[in-house]
Amino acid sequence: MILILLGPPGAGKGTQTAALVKNYQLTPISTGDIFRANLAANTPLGLEAKNYMSQGLLAPDDLVVRLVADRLSQPNPTKGYLLDGFPRTVFQAEALEKMLAEKNQKVGVCLLLDIPDNELMVRLTGRRVCRSCGSVWHLTFSPPPADLKCQCGGEIYQRDDDGEAAASNRLKVYQAQTQPVATWYQDRGLLRAVSASGTPEAVEKSISEALAGAF
Ligand code: AMP
């Protein structure tokens, strides 16, 4: 099963990815996490993506498509893949369809996390994450420990692109470039939408209802 998790920045894709991977035994491919890991390790890929990421812009399609093709070509012992943060443009959706067709595979479901715009800026600018394990906090809704040390020992920080200017840019980019991807999957009968406004647990429940019969 190839499951796509689509939604604006701040909708909770990272949090729900962790639950979905566990509940459905999927291998996650999170393009944002891959870029951040490469940035932290100063690899050529990280350096190439750095400027786009810090401004809240999308990395070039061909770069992201190559990266995902490479991941999809590696052996996968689980029941499928969960794509988090990809595809983000119609070009990427079409490229994914082609690369899967070459392996006689196709997307099973595109799950859209739906949330009103006005909730997103608050979620994004208050978000704090662990540099090591990726755990997520929020200054108001789920405050991190005062010493900003995660249970895993990692440092809790604010992502560069969660600052006011970059976050607002990311929302504009989502509307212009990624919303059409939801329509693209809807036209193919593959879109299932859930409200992402509630608690992580409530959203997880809505997702399992939306995915009933898909696996
Ligand atoms: P995310 O953690 O998914 O919000 O991704 C962080 C940043 O990585 C984005 O703002 C983009 O700069 C870059 N990125 C991640 N996934 C993609 C993608 N599918 N296409 C283009 N850029 C991406």
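Every number for a ligand or one of its atoms is a count from 1 in the order of the listing. No hydrogens, no waters, no symmetry mates; every other heavy atom, side chains included, goes into these values. A quick note: this is a predicted structure, and the numbers were derived from the prediction, not measured. This chain uses plain numbering: 1 for the first residue, then up along the sequence.
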Counting non-hydrogen protein atoms only, what is the nearest one to atom 13 (C) of ligand 1? Give residue, atom name and distance. Phe35 CD1, 3.7 Å
Please work out whether any backbone atom (N, CA, C, O) or any side-chain heavy atom from C-beta onward of Val173 is under 4.0 Å from ligand 1, and answer side chain, backbone, both or neither. neither
So which bit of Ala59 gets within less than 4.0 Å of ligand 1, heavy atoms only: side chain, backbone, both or neither? both
I need the nearest protein heavy-atom contact for atom 9 (C) of ligand 1: residue, atom name and distance, please. Arg88 NH2, 3.8 Å
When you group the ILVMFWY residues by side-chain heavy-atom contacts below 4.5 Å and let the links chain together, are Phe35 and Leu124 in the same group? no
What part of Arg170 sits under 4.0 Å from ligand 1 if we count only heavy atoms: the side chain, the backbone, both or neither? side chain
Arg36 near ligand 1, heavy-atom distance under 4.0 Å? yes
Starting from atom 16 (N) of ligand 1, locate the nearest protein heavy atom and write down its residue, its atom name and how far away it is, to 0.1 Å. Thr31 OG1, 2.7 Å
Spacing of CG belonging to Leu191 relative to CG belonging to Leu6, to within rounding of 0.5 Å: 7.5 Å
Protein contact to atom 19 (N) of ligand 1 [nearest heavy atom, distance to 0.1 Å]: Gly85 O, 2.8 Å
Answer yes or no: is there an ion pair linking Lys98 with Glu102, defined by an N-O contact shorter than 4.0 Å? no
Note: Gly108 and Met1 closest approach over all heavy atoms is CA-SD, 3.6 Å
If the threshold is 4.0 Å, N to carboxylate O, is there a salt bridge linking Arg159 and Asp161? yes
Would you check the N or O atoms of Gly56, main chain and side chain alike, for any that come under 3.5 Å of an N or O of ligand 1? no
Under a 4.0 Å heavy-atom limit, does Val64 contact ligand 1 with its side chain, its backbone, both, or neither? side chain
Considering Lys50, Met53, Gln92 one by one, which has a heavy atom nearer to atom 7 (C) of ligand 1 than any of the others? Met53
Could you state the interatomic distance from CG (Leu58) to OH (Tyr52), rounded to the nearest 0.5 Å? 10.5 Å
Closest approach of Val90 to Val181 (non-hydrogen atoms, all atoms of both residues): N-CG2, 3.6 Å
Looking at Asp162 and Arg128, does any basic side-chain N land under 4.0 Å from a carboxylate oxygen? no
Ile2 CD1 to Gln105 CD distance, which is reported to the nearest 0.5 Å: 5.0 Å
Do me a favour and list the nearest non-hydrogen protein atom to atom 12 (O) of ligand 1 with residue, atom name and distance? Leu57 O, 2.6 Å
Which bit of Arg159 is near ligand 1, meaning a heavy atom under 4.0 Å away: side chain, backbone, both or neither? side chain
